[in-house]
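Convention: sequence-line order gives letters A, B, ...; per-chain numbering from 1.
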Amino acid sequence: MDTKPENFIQQIIRTDLEEGRVHRVVTRFPPEPNGYLHIGHAKSICLNFGLAEQFGGACNLRFDDTNPEKEEDAYVRAIEADVRWLGFQWDGAVRFASDYFGRLYEWARYLVEQDKAYVCELSAEQTREYRGTLTEPGRDSPYRDRPAAESLDLLEQMRRGEIEEGRMVLRAKIDMSAPNMNLRDPVLYRVKRVPHHRTGDEWNIYPSYDFAHGQEDAIEGVTHSICTLEFEDHRPLYDWFIDNLPVPSRPRQYEFGRLNLNYTVTSKRRLKRLVDENHVDGWDDPRMPTLSGLRRRGVTPAAIRNFCDSLAVAKTDGTVDMAQFEHFIREDLNTSAHRAMCVLDPLPVELVNVPEGQVETLRAPNHPQRQELGHRELPFSRHIYIDRGDFSEDTSLSRKKFKRLVLGEWVRLRAAYVIRALDVVRGDGGEPVKVIAEIVPGTVGENPPEDIRPRGVIHWVSADDCLDCEIRLYDRLFKTPSPGAGDSDFLEAINPDSLKVLTGCKAEAGLRAGDPAHHFQFEREGYFYADSRHSTADKPVFNQTIGLRETWTQ
RNA sequence: UGGGGCGUCGCCAAGUGGCUAAGGCAACGGGUUUUGAUCCCGUCAUUCGGAGGUUCGAGUCCUCCCGCCCCAGCCA
């Protein structure tokens, strides 16, 4: 087997286990329920659940719901569904930061009693001024040395909703001149007199991320708390709380580089803008890098997991080529998707030596390399469709350059006969509206006589028995590799042609009865998946998940 | 100009002082093929951000320099 080198977190866990610092690994995936999960989250999900699985431990799903202004129950459900769809099962019940509000509050009081926290009445603006800058130390708040009893009393008033929002906060008493800004008396609790999606109006104050996260980890017995690089300088604060509070366990925070992909955006803020300003059709628009968008597009969980597993877990923050993701999408779909034929831009062909009304049933394998996937039956008759782009009247086109049907020449119809184009019926503008052709008898599954050399193989569909459908082709959502780079607005980089809707497409009849949950490869076109929103029983809409690799140059 | 990180092929990345700098993606050649797909074979860093130094030996250790990312929310 291929031995993938251990990443730095695996090395840490292995030695923690070997040296007895940890007996059972516990990780967690801690989303905030304020938006949908995207491909960047998938890396974190695969990492956390993967580590737990690899080392025989557990991984919790915990919602970090400490800011009721932005959070909703609908996001909770969507996130749970996405994690399950990826194929992961969290340990025990879903956890919520809000489950621990009571304990967090007690710990806040504990810090005050220990003279390590105080209620500060500086306004937000004053707090900012007192904090200093990156290069200048901050100044102590005038409330810093108020008696613990007074802080305790005020904190209780904050909790009961007797204090206006913005009037007071609870701050840790650390060091206003610390070079690490996070240590300049960070806010532990702020007043927010808004209902919470789970605790209702029970609380009027809510803990900050810094005060909540590590303690949540400690409560759950999380051993390795993995987060992204931007939290690196929160670690001293994370450790400060763990060191100064009577928490039940000692979690450790480790940071890795988040996933960045070019030609897309992976920040909740930007994704939300795309949705809110109607640049896309919602969070699950097939062009979105959200898990729900990818799912609707036809990307499989396996493709996402294989891709994530291919990514390095390191402390570098690079940008991965979209092509690398696409490689794993094609790799999975190539082995799993059933083949079918669909003509996107139909051009009628009449086969003059096939009797009108005659229907021959042909067999085509569902997968060229996997016989066990069986075969399907294809009706073949006098009238068929081929793609307009697969026919040319230009006989000077070289065989190497155009491996399709040329007037007067032969081409193989996939899983059917070799045919020859005899004539063209033209429309008013002189454009071909129908090709008159003939089949070469006896060429189903057999090579034609030596003097007949088909240029190539093209797909087709019976015109007498086929399925009308709509096809949606997608291009990347952004025109530039890093939308919003510099001081440009990322919306300026939107690709206006990212969606192309094709109507009047003709798919092989069998798809009518086919399982809409199936992923298909429409041969020579790409991978397609029935759209869950727009498909109807009599007229499916297929999303192009991704095209086939095209290695020839025109 | 404070603090915290990071710099190895176009992209991702292994490398934890000693055989000839892994691997994947992309690209480019060639072969097979009733999908211009898949598959197969081959090519692709005398060099590790730069300059010094230590060492018999350095991508790996030291010094200085350069570049990029993050931090001044009562967001996470």
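With hydrogens and angles left out, the side chain of A:R524 and the base of B:U35 share no donor-acceptor pair within 3.5 Å.
Comparing B:G50 with B:U43, their P atoms are spaced 27 Å from each other, to the whole Å. Separating the C1' atom of B:U32 from that of B:C69 is a span of 47 Å, rounded to the nearest Å. Comparing B:C61 with B:G15, their P atoms are spaced 13 Å from each other, to the whole Å. For the P atoms, the distance from B:G67 to B:U1 is 9 Å, rounded to whole Å. Look at the P atom in both B:C9 and B:C48: the space between them is 10 Å, to the nearest Å. Spacing of P atoms, B:C66 relative to B:G17, comes out at 30 Å, to the nearest Å. For the C1' atoms, the distance from B:A22 to B:C39 is 24 Å, rounded to whole Å. Between B:G57 and B:A21, the distance separating the two C1' atoms is 16 Å to the nearest Å.
Here A:Q521 lies in heavy-atom contact (under 4.0 Å) with a base. Across all strands shown, A:K403 has heavy atoms under 4.0 Å from base atoms, whether or not it also approaches the sugar-phosphate.
In B:G53 the base sits anti relative to the sugar, since the glycosidic angle is further than 90° from 0.
Side-chain atoms of A:A312 lie closest to B:A13 of the nucleotides B:G4, B:G36, B:A13. Nearest to the side chain of A:F402, among B:A37, B:G36, B:U34, sits B:G36.
Remark: A:P142 engages A:L122, A:Y130 in a side-chain contact (heavy atoms from CB on, under 4.5 Å) (not counting sequence neighbours). For A:R160, the salt bridge (charged side-chain N to carboxylate O under 4.0 Å, His left out) criterion is met by A:E156, A:E162, not counting sequence neighbours. Under the salt bridge (charged side-chain N to carboxylate O under 4.0 Å, His left out) criterion, A:K272 pairs with A:D276, not counting sequence neighbours. With sequence neighbours excluded, the residues that form a salt bridge (charged side-chain N to carboxylate O under 4.0 Å, His left out) with A:E409 are A:R455. For A:H197, the side chain to side chain donor-acceptor pair (under 3.5 Å) partners two or more places apart in sequence, or in a different chain, are A:D65. Checked against side chain to side chain donor-acceptor pair (under 3.5 Å), A:Q157 has the following partners two or more places apart in sequence or in another chain: A:D153. Every residue meeting the side-chain contact (heavy atoms from CB on, under 4.5 Å) condition with A:E377, not counting sequence neighbours, appears here in chain and number order: A:T361. Every residue was checked against the ring-ring contact (aromatic ring centres under 6.0 Å, His included) condition with A:F256, not counting sequence neighbours, and none meets it. In this structure A:E525 satisfies the salt bridge (charged side-chain N to carboxylate O under 4.0 Å, His left out) test with no other residue, sequence neighbours excluded.
Protein atom CZ of A:F307 is 12 Å distant from nucleotide atom P of B:C12, rounded to whole Å. Rounded to a whole Å, the CE atom of A:M176 is 15 Å from the C1' atom of B:G3. Spacing between atom CH2 of A:W552 and atom C1' of B:G36 amounts to 5 Å, rounded to whole angstrom units. One can place NE2 of A:H367 at 13 Å from P of B:U35, the figure rounded to the nearest angstrom. Note: CD (A:Q369) to C1' (B:C39) measures 7 Å, nearest angstrom. Atom-to-atom, CD of A:E136 to P of B:G3 comes out at 15 Å; the value is rounded to the nearest Å. For the pair A:F528 CZ and B:A37 C1', the computed distance is 13 Å after rounding to whole Å. Here the P atom of nucleotide B:A14 and the CG atom of A:L311 are 11 Å apart, to the nearest Å.
With salt bridges taken as basic N to acidic carboxylate O contacts below 4.0 Å, none links A:E136 and A:R131. Using a 4.0 Å cut-off between charged nitrogen and carboxylate oxygen, A:D185 and A:K173 do not count as a salt-bridge pair.
The partner of B:U63 is B:A51, by the rule that a Watson-Crick or G-U pair needs both atom distances under 3.5 Å. Nucleotide B:G2 has B:C71 as its partner under the Watson-Crick or G-U criteria, with both atom distances under 3.5 Å. Using Watson-Crick or G-U wobble geometry with both donor-acceptor distances under 3.5 Å, B:C9 finds no partner in any strand shown. With a 3.5 Å ceiling on both atom-pair distances, B:U46 lacks any Watson-Crick or G-U wobble partner. When both distances must be under 3.5 Å, the Watson-Crick or G-U wobble mate of B:U32 does not exist.
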**Message:** At under 4.0 Å between heavy atoms, how does the protein contact nucleotides 69-76 of chain B? Give one character per nucleotide, 5' to 3', with B, S or -.
**Reply:** SBBBSBSB
**Asked** Reading nucleotides 16-26 of chain B 5' to 3', which nucleotides get B (base under 4.0 Å from a protein heavy atom), which S (sugar-phosphate only), which -?
**Response** B-------BSS
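Near-neighbour residues of RNA chain B inside residues 441-452 of chain A, defined by a heavy atom below 4.0 Å, number-ordered: A:T443, A:V444, A:G445, A:E446.
Annotation: side chain of A:E165 is not in contact with side chain of A:N204 (no heavy-atom distance under 4.5 Å).
The aromatic ring centroids of A:W107 and A:F241 lie 6.0 Å or more from each other.
Each of A:T135 and A:A415 was matched to the nucleotide of RNA chain B holding its nearest heavy atom; the match closer to the 5' end belongs to A:T135.
Shown are A:F96, A:Y100, A:F211; of these, the side chain to side chain contact (heavy atoms under 4.5 Å, CB included) with A:E216 is made only by A:Y100.
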